[in-house]
Amino acid sequence: MTITHQNSTTDGPQFVGIMFCPECNNMLYPKEDKQNKKLMYHCQNCEHVQQADNNCIYVNKITHEIDELQNIVGDVITDPTLPRTQADELKKKTTSKLTERKKALL
C-alpha cells in the first residue's frame, strides 16, 4: 500500500509517499543494498525486504520566494534587546550623513 499525490502540472519528482509492509502493515524504511548498489525498503518489525520502484526517497519543493524585507516589523529596528553589529552602526552613520546632506541641499 502506497500513499501518493500526483500533480501533472509540474515537472520533476512527485510526492514519494510512505511505503507499508504487506505482511504486518508497519512502515517500510529505506536502506541501501551496498553489494548490489540498490535501494531497498525494509520492515523493522518482521524483516520484510523489497526493492524500491523509484530511487527518490524525499522531495523538497520550494513553491515561492518570500521577500524578507516585507516581513520585518518596524519595531524590530528600535528594539534595544536585540544584538547589534558594527554594520548596524555604520548604516546609522551613513544614513545620518545622507540626511544632513539632503537638508543642506534644500
Residue pair L28, Q50: steps toward the side-chain contact (heavy atoms from CB on, under 4.5 Å) verdict: CA-CA 9 Å; L28 294 176; Q50 70 183 41; 3.8 Å; yes
CD-NE2 distance between E23 and H48, expressed to the nearest 0.5 angstrom: 5.5 Å
Checking N36 side chain against K38 main chain: does a donor-acceptor pair fall under 3.5 Å? no
Please round to the nearest 0.5 Å and tell me the distance separating atom CE of M19 and atom CG of N54. 10.0 Å
Gap between atom CE of M27 and atom NE2 of H42 - 0.5 Å precision: 10.0 Å
Separation between CG of N26 and SG of C21, rounded to the nearest 0.5 Å: 7.0 Å
side-chain contact (heavy atoms from CB on, under 4.5 Å) for L39 and Q51? Distances and angles first, verdict last. CA-CA 6 Å; L39 178 65; Q51 186 173 349; over 6 Å; no
Gap between atom OH of Y29 and atom SG of C43 - 0.5 Å precision: 8.5 Å
Closest heavy-atom pair and its distance - C56, Y41: O-OH, 4.3 Å
